Amino acid sequence: MSAPPILECRDIAFERDYTPIFSGLSFTLWRGQILQVKGANGSGKTTLLRILATSLTASQGSMFWHGNDLEGHRQEYRFDMLYLGHQPGVKAALTPRENLAWLRPLHPKAGHDTNQALAAVGLAGMEDVPCHTLSAGQLRRVALARLYLSDASLWILDEPFTAIDRDGVGKLEILLQDHAQRGGAVVITTHQHPQLDNLCELDMVRYGVS
Amino acid sequence: MASPDAAPPELATATAFRAVLTRDLTLAFRHRGDMANPLIFFVMVATLVPLGVTPESGQLALLAPGMIWVMALLASLLSAETLFLADHRDGSLEQLALSPQPLWLLVLAKIIVHWLVTGLPLTLLSPLLGVMLSLPQAGFGPLVVSLLLGTAALSMIGAIGAALTVAIPRGGLLLSLIVMPLYMPVLIFGASAVQLAVDGISPSGALAILGALLAFSCLISPFATAGALRVSLHG
Amino acid sequence: MARTRPLLPEWFHRLGSPKGFYQMTSSWMPWLAVTAAVLLLVGTVWGLGFAPQDAKQGNSFRIIYIHVPAAFLALAGYYVMAAAGAIGLVWKMKLAHMVMKAAAPLGAALTLISLVTGSLWGKPTWGTYWVWDARITSMLVLFFLYLGVIALHYAYTNGEAASKASAVLALVGTANIPIIYKSVDWWYTLHQPATIKLTQAPSMHPDMFYPLLVMIAGFYCFYALVLLLNTRSEILHRERRTRWVLDMAEGGRS
Amino acid sequence: MFQFDSLSAFIAMGGHGPYIWLSYLATALVLLWLVATPLLRTNRLMSALKRQQTLQHRESGKYQDISPGPRTEERSP
């Protein structure tokens, strides 16, 4: 591989309120790879994802983006990364269209049409319905619609499949596969068994503190 | 796919600022009822003074400048909590913090909307309170001008407290505790501007300092609030 | 990922490790305690017994020997707390956060002392326990600032977030202190220009002034002593699972 | 040169005695409290750690595991 990995972590450790959660965690994420973070509840999966998304700062260790220390390139990194957490990050009082209207300028990239994105996640015809009338699964789909709109190369998705029905999961798997093939990379956590090829795994139990 | 050596990404920060501004305005419009709460509180507290102190207009006139300002301060304090709470609960605050856009600018947009929705209506309503508390005629002009500047400064300072207590359950009372001392200079110059005008002295000096306080808080507050939000999200 | 730290001398980082700090300061404690006690005792006896009476206020001015040092340190203590918070935020030093957490209640207590002694001094001078004098009002606001920082610190369950949040509040408070003091003075002159300022030391005869210097030095030593005591107790509390603390517990208190 | 001619004059302090002694007493109490809290806190922690150390040697594997065993896999994984 001539080009440096999209994301490389060296010896990441995290402690919350002086109690260590995990330590010594290192991995590299190359283009075209999908990394599934596995581990029991409370093993720090969400914490790791929030560290990768720069929402949390690790107690120790360093992270490299395209070979550069993340510390100096936070803004470019965030420009090229999309993080979807447990909460959808969608305002219930607004309609899906209005929600995407304020979420898109945060990552201003060549984007596709909002209607196409909402149709792709199965919300066709519901673009102008207030989100508080939508179900939890539909709310998450509004957040997932951002994946169709953004050109960020690194996606960090926390439990993207929860509350999504069968065909929604199928579509999402295809989307992740295409993204990887186009040279992007994905980090996900899920308790289901995603049918994805070149899926690599990272088990938190190896880094947990005994 | 961008990589660091590509030209620095064109961030369109202005569009992001406008997007957050319109988002919050539409949200405020969707919850129109909530906009009335600080105003109702403002007028209700005004009726406490005659009930509690004296209905006699001569004495009320002495109290009016200071009391109206105290009530405006309390009303804006009550509404400061709503600034980030809803965004924190549904995760949109984290999305704002993780965007490449400068967080202090997005926070500035939110503070401006918060002022438009609470501070400005309070200012426009204050002459009504002036009448209720028999404020002398000379005081009305300076009252509106001082509240115009003052409520903006209060929204700015209140944002810091709101950001610090957003992750704390039932953080509302704590918000008032940590923000009240920072409100005092604004109250001092705001209320004395009206008092000076009532006493026939030109209030321009006090209003000028009030403007300086607003400028100072505009300079400090967005950055302090952005820093405080990142701390709260870390918690 | 640890923030790339600006260039700092090595001893600053060694000082940064709580264990290193604890062991280094163990030898200072007895000296500090003795000096503080001696200075405070000498100052009190000198101020109460040997300093001449004040022409106007008579003996009640002797309260100045605890009011002024406490007021002075209450304000200086806020800046110490904010500085420790800033160091903790910028260089991510756990020890700095511990120093800040130790400085907050100490500063609040000193502010309380200056308020109580000021009010007791006001009774013989002005006939009432509470007068909205500029200096005392600013001291009261400073007390609220301290209470705000302490309350915010205890509201967070996560210790680290608590230190960072209260550090931010302390810094914002520091930026506002000069403004608060100036605006209270302006407000005071607007309403009551005439009466004397309480802590404006009346034309100090040298014999009155020396005990005051001794008392200020004594309070400084006392402040350093309690700050170190609190920080060391916080270090032991946070490192209670580590080997060196457990050994110390077994080997009897060192 | 001691300012007061007698001990009782010293205590009376020319009529201002109560205020002066009260403020010195209050200050002394607060200062003592400031010194005492960290010392007490350290003592409590140290004795708790000492007790915890001795306890740990005797107490181990005290609770019997009551969580259900692994279910036999009826359906295919």
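Predicted model only: the values in this text are computed from it and were never measured. By convention in this document, chain letters (A, B, ...) are assigned in the order of the sequence lines, proteins followed by strands, and residues within each chain are numbered from 1.
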Nearest heavy-atom neighbours spanning [X] and [Y]:
X      : Y     : value
C/I63  : D/Y24 : CA-CE1, 4.3 Å
C/L48  : D/F10 : O-CE1, 3.8 Å
C/S233 : D/P38 : CB-O, 3.9 Å
C/L106 : D/L34 : CD1-CD1, 3.6 Å
C/V116 : D/A26 : CG1-CB, 4.3 Å
D/H16  : C/N59 : ND1-N, 3.7 Å

| request: Would you mind checking which part of D/Y19 comes under 4.5 Å of any heavy atom in chain C, side chain (CB onward), backbone (N, CA, C, O), both or neither? | output: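 It is both, since atoms from each part get that close.
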
| At a heavy-atom separation under 4.5 Å, does D/L39 approach chain C through its side chain, its backbone, both, or neither? |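 Side chain of D/L39 only, per the 4.5 Å heavy-atom cut-off to chain C.
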
Reported [atom1]-to-[atom2] distance for the pair [X] and [Y], which is rounded to 0.5 angstrom:
X      : Y      : atom1 : atom2 : answer
D/L45  : C/E234 : CG    : CD    : 10.5 Å
D/L31  : C/Y223 : CG    : OH    : 13.5 Å
C/T117 : D/L22  : OG1   : CG    : 11.0 Å

Could you look at [X] and say if it's the side chain, the backbone, both or neither that has a heavy atom under 4.5 Å from chain D?
X      : result
C/F50  : both
C/L229 : both
C/Y129 : side chain

Considering only heavy atoms and a distance below 4.5 Å, find which of [options] pairs most often with chain D.
options                      : answer
C/A70, C/A51, C/P105         : C/A51
C/L40, C/L246, C/L110        : C/L246
C/I113, C/T44, C/I66, C/V245 : C/I66

| request: Give the intermediate values and the outcome of side-chain contact (heavy atoms from CB on, under 4.5 Å) for residues C/E250 and D/L49. | output: CA-CA 8 Å; C/E250 253 165 65; D/L49 286 180; over 6 Å; no

| query | Is C/W244 atom CH2 crowded by more than 12 heavy atoms from other residues, nucleotides or ligands, each under 6.0 Å away? | reply |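 For C/W244, atom CH2 is crowded (more than 12 foreign heavy atoms under 6.0 Å).
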
| said: Within a 6.0 Å radius of atom OH on C/Y79, are there more than 12 heavy atoms belonging to other residues, nucleotides or ligands? | reply: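 Atom OH in C/Y79 is crowded, with more than 12 foreign heavy atoms closer than 6.0 Å.
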
| Is any side-chain heavy atom of C/R232 less than 4.5 Å from a side-chain heavy atom of D/T42? |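 A side-chain contact under 4.5 Å is absent here.
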
